[in-house]
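A short worksheet on the structure shown next.
Just so you know, ligand 1 is whichever comes first in the structure, and atom 1 is the first atom listed for that ligand.
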Amino acid sequence: MKLLAIETSCDETALAILKIKGPATKPAFSVLSHNVASQIALHAQYGGVFPAMAKREHAKNIVPLFEKTLSEANLLSLLSQKQHPDKLQYVRMSRLEKLLEREREMYEQLVPLLSRIKKPKIDAIAVTTGPGLEPTLWVGINFARALSYIWDIPLVPVNHMEGHVLSFLAQSKKKASTKEQAPKNNVLEFGVCDLEFPAISLLVSGGHTEIVLVKDWGKYKVIGHTVDDAVGEAFDKVARMLDLPYPGGPHISALAEMSRKNTEHTQNNAEKNSSTSTIDYRLKTSDFVLPRPMLHSGDFNFSYSGLKTAVLYHIRNLTGGNKRTLTDEEKSAIALEFENAAIEVLVKKTMKAMKKYGASTLLVGGGVAANSHLRNELARMCKETNTDTHTYTVLFPTRELSTDNAIMIGIAGGAEYMKKKKGVKYTSKKLTAKGNMALS
Ligand code: KG4
Ligand code: ZN
């Protein structure tokens with residue numbers, strides 16, 4: 001079967017077409033095409049995402065991106081000049097205006113496209129319905145409903161966070177097979193693997209910081225979450241304090257990584273004479289120490305708002321109440337200590353959860369999963385915690401697929417569709433945007 005996946009929960013308009021084969025319990029996926037239209041440049045000017053502006057961008061971009069995605073998957077077939085959409089489609093197109101009454105711009109782009117292309121060979125459409133920004137979620141949902149209505153294609157509502165949990169599956173990059181007509185871009189092929197349950201998933205993004213107990217494929221229980229800011233949000237806010245562009249995570253990370261390398265030489269020498277772990281050592285070498293909030297709270301919750309405020313106070317102290325700007329060295333030192341603090345809490349609490357629930361496998365997802373220090377520290381912790389009888393494994397998505405994309409929505413929606421062999425109709429109440437949708 002072929003599945004179109006749609007993601008518009010925040011500031012990326014993302015579409016993908018996946019081919020799914022094999023038994024429902026162990027489907028195999030090929031990505032025929034995938035595209036992400038990022039709004040980062042637009043939102044960077046304002047230092048954050050404005051929902052109304054993001055909604056307008058999604059509405060403007062989604063139809064051309066759909067045409068591109070269809071074409072790259074070799075599924076775009078034009079009607080000849082003599083051919084016309086069939087009668088039923090004409091009737092439906094006249095009613096589309098009502099369905100898309102809140103999406104005028106999308107409607108005006110969609111009708112001409114639908115009038116010149118044949119129904120593509122797509123068996124189901126997966127769409128993110130939450131969590132996220134409700135105005136932007138509605139763009140994706142209404143687009144999916146319109147296609148479903150016109151072409152009679154079933155819909156699969158997807159929880160964005162389940163997409164992040166499963167994004168680690170999209171790993172192996174293979175060339176397109178020669179038997180089939182090769183799509184323009186390389187096909188990414190992967191399958192549902194054997195996984196030992198329970199597993200733990202660490203979800204770290206701009207909106208979420210969660211530890212999830214994965215009892216089985218599709219069975220989740222959130223066992224810990226942030227009580228205030230998400231870790232990605234803290235990265236972004238601290239970046240703003242350091243005058244770094246939005247989104248700040250990658251910039252803080254690059255600065256911290258540079259600073260870490262610069263101190264590597266001294267650190268290596270000192271480590272020779274020290275029995276403490278790398279993290280403990282870095283703590284001692286910092287000029288200043290930031291708090292590790294809730295590290296010993298006894299539960300699996302997080303708090304990142306205090307850490308951000310501690311950075312703010314430190315900057316005020318350094319600059320005498322903002323009487324001068326920070327030097328590059330000061331910025332690097334802050335980035336390093338902030339990253340160390342933020343990641344140390346994530347790593348230690350996640351490992352505690354792994355031990356408590358007897359999990360061997362850790363699945364990491366969300367934008368902050370692209371962070372090198374998080375990747376290195378989790379891998380190191382797993383290795384250090386291994387015993388003769390228990391091996392800990394950590395699995396990450398590729399860096400590209402750590403941030404929002406539609407492949408992960410296709411994996412979650414595709415797995416669900418394969419299981420049930422049916423979706424929902426465009427009129428279903430399940431197709432309602434839910435900003436705070438929980439994972440359960
Ligand atoms: O999952 P995502 O693309 O969108 C949400 O669903 O929130 O995550 C975006 C977040 C942003 O806060 C961004 O700063 C952060 O992920 N991020 C990073 C890195 N790359 C992206 N944070 C730390 N280090 C990175 N390398
Ligand atoms: Zn996300």
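No N or O atom of Thr403 sits closer than 3.5 Å to an N or O atom of ligand 1. The distance criterion of under 3.5 Å between nitrogen or oxygen atoms is not met by Phe235 with respect to ligand 1. Taking only nitrogen or oxygen atoms, main chain and side chain alike, Asp236 reaches within less than 3.5 Å of ligand 1.
Using a non-hydrogen distance threshold of 4.0 Å, Glu12 does not register as a contact of ligand 1. Heavy-atom distances between His208 and ligand 1 stay at or above 4.0 Å for every pair. Distances shorter than 4.0 angstrom do not occur between any heavy atom of Cys10 and any atom of ligand 1.
The shortest side-chain heavy-atom distance between Leu195 and Trp217 falls under the 4.5 Å cut-off.
Here is the list of ligand 1 atoms found below 4.0 Å of a heavy atom in Pro247: 14 (O). Close contacts between ligand 1 and Gly249 involve ligand atoms 14 (O), 18 (C), 19 (C), 22 (N), 23 (C), 24 (N), 25 (C) [criterion: under 4.0 Å to a heavy atom].
In this structure, the protein non-hydrogen atom closest to atom 15 (C) of ligand 1 is Val368 CG2, 3.9 Å. In this structure, atom 8 (O) of ligand 1 lies nearest to the protein heavy atom Gly367 CA, 3.3 Å. Nearest protein neighbour of atom 10 (C) of ligand 1, counting heavy atoms only, is Gly206 N, 3.5 Å.
With Leu155 as reference, Tyr426 is the one residue of Tyr149, Tyr417, Tyr426 to meet the side chain to side chain contact (heavy atoms under 4.5 Å, CB included) rule.
For the residue pair Thr361 / Glu196, no side-chain donor-acceptor distance below 3.5 Å is found, with atom types taken as modelled. Counted by atom type alone, Ser33 and Lys68 present zero donor-acceptor pairs between their side chains at under 3.5 Å.
A salt bridge is defined here as a Lys NZ or Arg NE, NH1 or NH2 lying under 4.0 Å from an Asp or Glu carboxylate O, and Arg292 with Glu337 meets this definition. A salt bridge is defined here as a Lys NZ or Arg NE, NH1 or NH2 lying under 4.0 Å from an Asp or Glu carboxylate O, and Lys55 with Glu103 meets this definition.
Rounded to 10°, the angle formed at the Zn ion (ligand 2) by Asp404 OD1 and His164 NE2 is 90°.
The N, O or S atom of His160 lying closest to the Zn ion (ligand 2) is NE2.
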In a table with atom names and distances, give each donor-acceptor pair under 3.5 Å that connects a side chain of residues 229-237 to protein atoms at least two apart or in another chain.
from, atom 1, to, atom 2, distance (Å)
Asp229, OD2, Lys237, NZ, 3.4
Asp229, OD2, Lys308, NZ, 3.0
Glu233, OE1, Ala230, N, 3.0
Glu233, OE2, Lys237, NZ, 3.1
Asp236, OD1, Gly248, N, 2.9
Asp236, OD1, Gly249, N, 3.4

Do Ile315 and Leu242 pass the side-chain contact (heavy atoms from CB on, under 4.5 Å) test, and can you show the C-alpha distance, the side-chain angles, and the key distance before you say yes or no? CA-CA 9 Å; Ile315 295 174; Leu242 302 183; 4.1 Å; yes
